[in-house]
Amino acid sequence: MDQITRKIIHVDMDAFYASVEERDFPQYRGKPLAVGYPGKRSVVSTANYAARKYGVHSAMPSIVALKKCPFLNFAPPRFDAYKAISHQIRDIFFEYTDQVEPLSLDEAFLDVTTNKENNPSATNIAKEIKNKIYKTTGLTASAGIASNKFLAKIASDIQKPDGLTLILPDMALDFLKKLPIEKFFGVGKVTAQKMKSLGINYGSDLFNYTEFELNKLFGKTGSFYYNVVRGIDDRPVVTSHIQKSVGAENTFKNDIIDIGEIVEKLKIIIHRVTSQLKKNNISGKTITLKIKYYDFVISTRSKTLNIYTHDYDKILQTILELLNFPQKPLKPIRLIGVSLSNLDNLCVNNMGIQLCFDFSTTDN
Ligand code: TTP
Ligand code: MG
């Protein structure tokens with residue numbers, strides 16, 4: 001069977017947190033800016049491009065950053081703002097494909113081999129996405145387009161900020177040979193150090209090793225390195241394990257027509273749903289009421305809110321609206337269910353690992 005060449009886009013916002021702060025607080029614009037706190041035990045979350053010129057970067061202790069750039073401004077992080085923008089960009093991705101794999105708040109892989117627009121050009125889709133992101137959020141993103149995730153991820157980094165980079169399969173090898181080993185997506189800091197101690201500084205050095213040798217040196221990941229330096233990466237864009245909805249339902253022993261009794265049953269169901277949401281620290285935007293009547297006819301009604309919620313009262317109020325409370329139901333009800341979808345769990349990967357960065361550094 002012919003292998004179809006995949007079309008993968010990787011989108012990554014430019015200096016994400018810092019760009020949001022510059023957008024919302026004009027006094028920072030054009031000046032060196034770090035997101036984080038200047039305190040002794042704090043680190044920089046990210047720096048804008050003006051600060052990067054001085055060598056300030058993510059994860060750098062704030063004191064070191066201040067030594068490098070004495071006039072550095074610090075903006076305290078506003079995680080909710082970044083999360084809201086993350087949802088805006090995710091909505092844009094879903095206009096093109098459901099094959100979206102978020103890696104963190106500001107980046108995602110998209111498989112657009114087949115897409116909702118039937119657009120054969122992944123490059124044009126990436127351009128459209130960048131434009132829409134700019135129009136919607138006022139922020140720039142960089143995009144990489146390639147036949148696999150590894151190359152797309154590397155491509156998006158090449159022309160930052162506001163970049164658009166296509167790596168065609170026959171360009172990949174030349175490019176990867178010249179790439180410093182620490183820029184390889186999937187080669188962590190520790191491995192990069194080990195590779196350097198072996199004299200592997202660039203892709204070309206890695207290319208000289210056999211798969212057998214790499215497996216001996218790095219275990220199973222050796223095969224991964226062997227393949228990616230040749231531009232080979234078959235990993236799919238993974239979406240399926242991201243939980244899409246949280247819900248609960250109840251089938252009654254006897255059909256119910258009394259509206260008061262239905263509301264009491266709904267309250268119990270909503271409690272179950274909200275405790276589930278709270279336990280997993282997620283909220284949802286779309287609230288759905290499902291009713292199965294005595295004759296097995298099913299009706300579902302949904303409302304999408306402007307905000308994400310896991311609030312009991314808010315959900316109850318919406319459900320009562322959907323139920324047309326206090327009107328009596330049309331006919332006796334056999335089952336009733338409540339669910340929340342459109343969840344804000346986009347930074348949990350397919351293994352349930354939280355990928356968003358934590359902001360516990362508040363030492364001042
Ligand atoms: P990145 O995409 O790695 O960085 P960036 O968007 O700031 O800059 P670039 O233009 O190079 O893409 O990370 C996205 C956000 O995640 C970043 O704005 C802040 C946060 N972050 C941290 O909090 N700590 C870190 O160590 C890193 C790398 C990122
Ligand atoms: Mg980024």
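Along the sequence shown, residues are numbered consecutively beginning with 1. Order of appearance sets the numbers: ligands from 1, and atoms from 1 within every ligand.
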Item to complete: Could you see which bit of F79 sits under 4.0 Å from ligand 1, with heavy atoms only: side chain, backbone, both or neither?
Response: neither
Worksheet item: For D157 and ligand 1, does the shortest N/O to N/O distance drop below 3.5 Å?
Response: no
Discussion item. Is a donor from one side chain sitting under 3.5 angstrom from an acceptor on the other, for D106 and S104?
Written reply: yes
Fill in: Shared-cluster residues of Y28, by chain and number - hydrophobic side chains joined below 4.5 Å
F25, L33
Worksheet item: Do you know the tightest heavy-atom contact between I125 and Y96?
Response: CG2-CD2, 3.6 Å
Fill in: Distance flag, aromatic centroids of F184 and F150, threshold under 6.0 Å
yes
Response to the item:
At under 4.0 Å between heavy atoms, what of M13 touches ligand 1? The answer is backbone
Donor-acceptor pairs under 3.5 Å, side chain of residues 292-302 to any protein atom, not counting sequence neighbours: which ones?
from	atom 1	to	atom 2	distance (Å)
D295	OD1	V297	N	3.3
D295	OD2	K331	NZ	2.8
R301	NH1	L322	O	2.6
S302	OG	T288	OG1	2.8

Discussion item. Quick check on contacts: which atoms of ligand 1 are under 4.0 angstrom from a heavy atom of D14?
Written reply: 10 (O)
Discussion item. Between S142 and D157, do the side chains contain a donor N or O and an acceptor N or O under 3.5 Å apart?
Written reply: no
Worksheet item: Among protein atoms, how many N/O/S atoms lie less than 2.8 Å from the Mg ion (ligand 2)?
Response: 3
Response to the item:
Residue pairs meeting salt bridge (Lys or Arg N to Asp or Glu O under 4.0 Å), one or both in residues 309-326, sequence neighbours left out, come to K303-E321
Practice prompt. Could you tell me whether the side chains of T304 and T286 share a donor-acceptor contact shorter than 3.5 Å?
Written response: yes
Discussion item. Below a 4.0 angstrom heavy-atom separation, can you tell me which part of R52, side chain or backbone, both or neither, approaches ligand 1?
Written reply: side chain
Item to complete: State, with a plain yes or no, whether a side-chain heavy atom of F185 is found less than 4.5 Å away from one of V228.
Response: no
Discussion item. Could you tell me if D14 and T140 have a donor-acceptor pair between their side chains, going purely by distance under 3.5 Å?
Written reply: yes
Worksheet item: Taking the minimum heavy-atom distance to atom 26 (O) of ligand 1, which of G163, S156, S58 ranks first?
Response: S58
Worksheet item: Is there a heavy atom of A15 sitting under 4.0 angstrom from any atom of ligand 1?
Response: yes
Worksheet entry | Under 4.0 Å to a heavy atom of D12 - the qualifying atoms of ligand 1, by number | 2 (O), 12 (O)
Worksheet item: Hey, looking at atom 23 (O) of ligand 1, which of A47, P77, A141, S45 has the closest heavy atom?
Response: S45
Discussion item. Going by the closest heavy atom to atom 2 (O) of ligand 1, which one wins out of T140, V20, D106, V35?
Written reply: D106
